[in-house]
Amino acid sequence: MGKPSGMRLYFLRHGVAPDRETWKGSDEERPLTQAGRERIAREAKRIAQLGLGIEAIVTSPLLRARQTAEIAARKLDLTERLAQDERLALSFDEARLAEVLASYAGVGSLLLVGHEPSMSRTIGRIVGGAAIELKKGALAGIELAGLHPPRGTLLLLAPPKLLSR
């Protein structure tokens with residue numbers, strides 16, 4: 001497939017969820033807290049105002065990521081373009097990203113919702129080995145220059161405090 005001509009890729013880490021240590025259920029079903037839902041709603045509104053041209057949203061199937069993606073999809077008017085993908089779960093990496101991108105070859109701008117540390121590690125590798133840390137609710141944007149392996153330029157790294165104002 002080569003170069004996905006100017007494809008923009010946005011990474012959104014899920015919002016605030018209960019701590020793993022205090023959560024009684026399975027990690028897969030750990031939800032956003034009420035404060036986490038409210039903050040993601042504010043962030044998603046800000047993301048919509050940025051006019052990033054996001055055409056579709058792909059999320060990890062874990063509950064906290066799904067809830068984050070659903071809130072973002074409503075604010076971005078993309079509820080019909082929201083999909084879950086197991087490849088965005090905790091084992092997300094460059095190879096899984098390349099597979100996801102192949103499924104969205106015709107999309108110019110895609111939002112991925114997932115987890116740490118796999119998202120930061122993957123973003124860092126894509127942009128040439130940078131050390132990046134996505135806080136809960138942070139957004140990163142990359143302009144892809146190549147797909148196999150995914151490579152690109154970091155366009156945006158917005159912490160949650162900036163987005164939730």
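Computed from a predicted model, the values in this text were never measured in an experiment.
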Run the side-chain donor-acceptor check on residues 155-165: report pairs under 3.5 Å with partners two or more places apart or on a different chain.
unit_1 : atom_1 : unit_2 : atom_2 : d
Ser164 : OG     : Arg39  : NE     : 3.4
Ser164 : OG     : Pro160 : O      : 3.0

Legend entry - Residue pair Ala69 / Val113: nearest heavy atoms and the distance that separates them: CB-CG2, 3.9 Å

Inset, instruction - Report the C-alpha separation of Leu144 and Leu101 in whole Å, then their side-chain angles, then the decisive distance to 0.1 Å, and conclude whether the side-chain contact (heavy atoms from CB on, under 4.5 Å) test is met. - result: CA-CA 10 Å; Leu144 287 177; Leu101 294 177; 3.6 Å; yes

Legend entry - NZ/NE/NH1/NH2 to OD/OE distance under 4.0 Å, Glu133 and Lys135: yes

Legend entry - Common cluster, Leu97/Val107, ILVMFWY with side-chain heavy-atom separation under 4.5 Å: yes

Legend entry - More than 12 heavy atoms from other groups under 6.0 Å of NZ on Lys136: yes

Legend entry - Counterpart residues, side-chain hydrogen bond (donor to acceptor under 3.5 Å, both in side chains), relative to Gln49 (two or more places apart): none

Legend entry - Minimum side-chain heavy-atom gap Leu52-Leu139 below 4.5 Å: yes

Inset, instruction - Mind checking the CG-CD spacing from Leu154 to Glu143? Nearest 0.5 Å is all I need. - result: 11.5 Å

Inset, instruction - Start with the C-alpha distance between Ile57 and Leu76, add both sets of side-chain angles, then the distance that settles side-chain contact (heavy atoms from CB on, under 4.5 Å), and finish with yes or no. - result: CA-CA 10 Å; Ile57 301 172; Leu76 294 167; 4.2 Å; yes

Inset, instruction - Go through the steps to decide whether Ile142 and Phe11 satisfy the test side-chain contact (heavy atoms from CB on, under 4.5 Å), and finish with yes or no. - result: CA-CA 8 Å; Ile142 294 175; Phe11 297 81; 3.7 Å; yes

Legend entry - side-chain hydrogen bond (donor to acceptor under 3.5 Å, both in side chains) partners for Asp27, two or more places apart: Arg30, Arg64

Legend entry - Backbone of Ala65 reached by a side-chain donor or acceptor of Thr59 within 3.5 Å: yes

Inset, instruction - Tell me whether Leu9 is reachable from Val100 by hopping between hydrophobic residues (I, L, V, M, F, W, Y) whose side-chain heavy atoms are closer than 4.5 Å. - result: yes

Legend entry - Any side-chain heavy-atom pair of Leu90 and Phe92 under 4.5 Å: no

Inset, instruction - Report yes or no: do Met7 and Ile54 belong to one cluster of Ile/Leu/Val/Met/Phe/Trp/Tyr joined by side chain heavy-atom distances under 4.5 Å? - result: no

Legend entry - Close side-chain approach of Leu110 to Glu55, heavy-atom, < 4.5 Å: no

Legend entry - Closest approach of Lys75 to Ala41 (non-hydrogen atoms, all atoms of both residues): CE-O, 3.7 Å

Inset, instruction - Kindly indicate whether the side chain of Leu78, heavy atoms from C-beta on, has any atom under 4.5 Å from the side chain of Leu111. - result: no

Inset, instruction - Could you tell me whether the side chain of Arg37 and the main chain of Leu32 form a donor-acceptor pair under 3.5 Å? - result: yes

Return a table of donor-acceptor pairs under 3.5 angstrom between the side chains of residues 117-128 and protein atoms on other chains or two or more places apart.
unit_1 : atom_1 : unit_2 : atom_2 : d
Ser118 : OG     : His115 : O      : 3.3
Ser120 : OG     : Glu116 : OE1    : 2.6
Ser120 : OG     : Glu116 : OE2    : 2.9
Ser120 : OG     : Ile132 : O      : 3.2
Ser120 : OG     : Leu134 : N      : 2.8
Thr122 : OG1    : Ser118 : O      : 2.8

Inset, instruction - For residues Leu63 and Pro31, report the shortest heavy-atom separation together with the two atoms involved. - result: CD2-CB, 3.7 Å

Legend entry - Partner residues of Glu86 under the salt bridge (Lys or Arg N to Asp or Glu O under 4.0 Å) criterion, sequence neighbours left out: none

Inset, instruction - Please collect all side chain to side chain donor-acceptor pair (under 3.5 Å) contacts where either partner lies in residues 88-100, sequence neighbours excluded, each pair once. - result: Asp93-Arg96, Glu94-Arg151

Inset, instruction - Over all heavy atoms of both residues, which pair between Ala73 and Leu82 is shortest? Give the atoms and the distance, please. - result: CB-CD2, 4.1 Å

Legend entry - Separation of Ile71 CD1 from Arg42 CZ (nearest 0.5 Å): 11.0 Å

